Amino acid sequence: MKRRVCILWALAWALLLAACGPAESDISPQPPDPGPLTLEALSVEVSRGELSAQELARAARELPEELKAALADRGVEAETVTVSIGSSPAAMAQAVREGGVDVAFLPMADCAALEDPPQLLLTAGDGEEAMTAVVRPDEAVLSEDRFAEALAAAVNSLREEQPVFGSCDYAWAEEAAG
């Protein structure tokens, strides 16, 4: 008799637990993993700012591979990364608008002084140290939050080694404004 009561009791608990679990229709499927964001090429231009010729030469020489690796660590794979040094903020903005450069890093004051600035992607700091990253608006992948967040994290990881990015952490401009 005890055995039947124990079996009935265990069966009742099993039914109760099954009834408390989520119904199959209530379980929302996980979105598929988007995988890495892949770019054929990424061209970046940095501002001369107050940097020495040695610092600029070092950035042009070392930054492409450093940036490529830092982006890959954050899910953005670029086959090639090129880095150039901008001659002036206006020339940098024009290069971005015309598609010769994908992303340009320049001081916020210089960006704000432009008549027709490109799309703002990242911001860093405030006051005289404030920096921006502008991007080609016609390239949808470069305007995505996923790319912006990966680029900000990659640049922030390299900022101490590469003074071309300034001294403040970068954040996605839409996220920083919101």
Side-chain angles (χ1 to χ4, degrees), residues 29-49 56 59-60 62-127 129-178:
Q30 291 289 344
D33 180 17
L37 184 62
T38 304
L39 303 172
E40 189 174 310
L42 179 66
S43 61
V44 175
E45 193 160 81
V46 295
S47 176
R48 291 179 183 276
L56 293 170
E62 297 174 3
L63 191 53
E65 286 304 314
E66 290 175 351
L67 190 55
K68 182 178 179 177
L71 284 168
D73 288 345
R74 287 149 184 91
V76 176
E77 296 177 1
E79 287 185 36
T80 61
V81 174
T82 58
V83 174
S84 57
I85 311 301
S87 59
S88 72
M92 292 172 70
Q94 182 177 353
V96 170
R97 278 193 300 273
E98 292 177 356
V101 171
D102 296 317
V103 181
F105 290 86
L106 61 155
M108 177 91 64
D110 292 338
C111 185
L114 296 170
E115 283 184 34
D116 184 23
Q119 179 181 340
L120 184 63
L121 183 68
L122 304 176
T123 60
D126 54 10
E129 292 184 3
M131 295 287 290
T132 62
V134 294
V135 66
R136 288 189 309 144
D138 61 332
E139 183 60 49
V141 171
L142 299 178
S143 300
E144 289 181 14
D145 59 342
R146 191 170 158 205
F147 175 74
E149 291 167 356
L151 182 62
V155 168
N156 290 339
S157 73
L158 299 173
R159 203 170 34 76
E160 291 201 21
E161 297 294 319
Q162 292 291 349
V164 295
F165 294 124
S167 60
C168 300
D169 281 340
Y170 283 82
W172 181 31
E174 287 188 26
E175 195 173 78

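On a predicted model such as this, the values are computed, not experimentally measured, just so you know.
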Could I get the full list of side chain to side chain contact (heavy atoms under 4.5 Å, CB included) partners for Ala90, not counting sequence neighbours? Ser88, Leu114
Taking only residues two or more places apart in sequence or in another chain, which ones pass side chain to side chain contact (heavy atoms under 4.5 Å, CB included) with Met92? Glu45, Ser47, Ala104, Leu106
What are the two closest non-hydrogen atoms of [X] and [Y], and how far apart are they?
X      : Y      : result
Val81  : Pro64  : O-CB, 3.2 Å
Pro118 : Val96  : CB-CG1, 3.7 Å
Arg74  : Ala153 : NE-CB, 3.2 Å
Leu142 : Phe147 : O-CD2, 3.3 Å
Leu121 : Ser143 : CD1-CA, 4.5 Å
Ala133 : Val103 : CB-CG1, 4.1 Å

Looking at residues at least two apart in the chain, or sitting in another chain, which of them share a salt bridge (charged side-chain N to carboxylate O under 4.0 Å, His left out) with Glu139? Arg136
Applying side chain to side chain donor-acceptor pair (under 3.5 Å) as the test, list every pair that has at least one member in residues 154-171; sequence neighbours left out. Glu66-Gln162, Glu129-Ser167, Arg159-Asp169
According to side chain to side chain donor-acceptor pair (under 3.5 Å), who are the partners of [X], at least two apart in sequence or on a separate chain?
X      : result
Glu115 : none
Glu77  : none
Ser43  : Asp102
Glu65  : none

Can you find a pair of side-chain heavy atoms, one from [X] and one from [Y], that are under 4.5 Å apart?
X      : Y      : result
Val164 : Phe105 : no
Leu63  : Phe165 : yes
Cys111 : Val134 : yes
Ile85  : Val46  : yes

I'd like to know if the side chain of Lys68 and the backbone of Glu79 have a donor-acceptor N/O pair within less than 3.5 Å. yes
Give, for atom CE of Met108 and atom CG of Leu120, the distance between the pair rounded to the nearest 0.5 Å. 6.5 Å
Between atom CG of Leu42 and atom OG1 of Thr82, what is the distance when rounded to the nearest 0.5 Å? 7.0 Å
Pair listing, ring-ring contact (aromatic ring centres under 6.0 Å, His included) test, anchored in [range], at least two apart:
range           : answer
residues 75-101 : none
residues 63-86  : none
residues 66-95  : none

Looking at Leu37, Val141, Leu151, Val76, which one forms a side chain to side chain contact (heavy atoms under 4.5 Å, CB included) with Arg146? Leu37
Give a yes or no on this: more than 12 heavy atoms of other residues, nucleotides or ligands lie within 6.0 Å of atom CG of Asp126. no
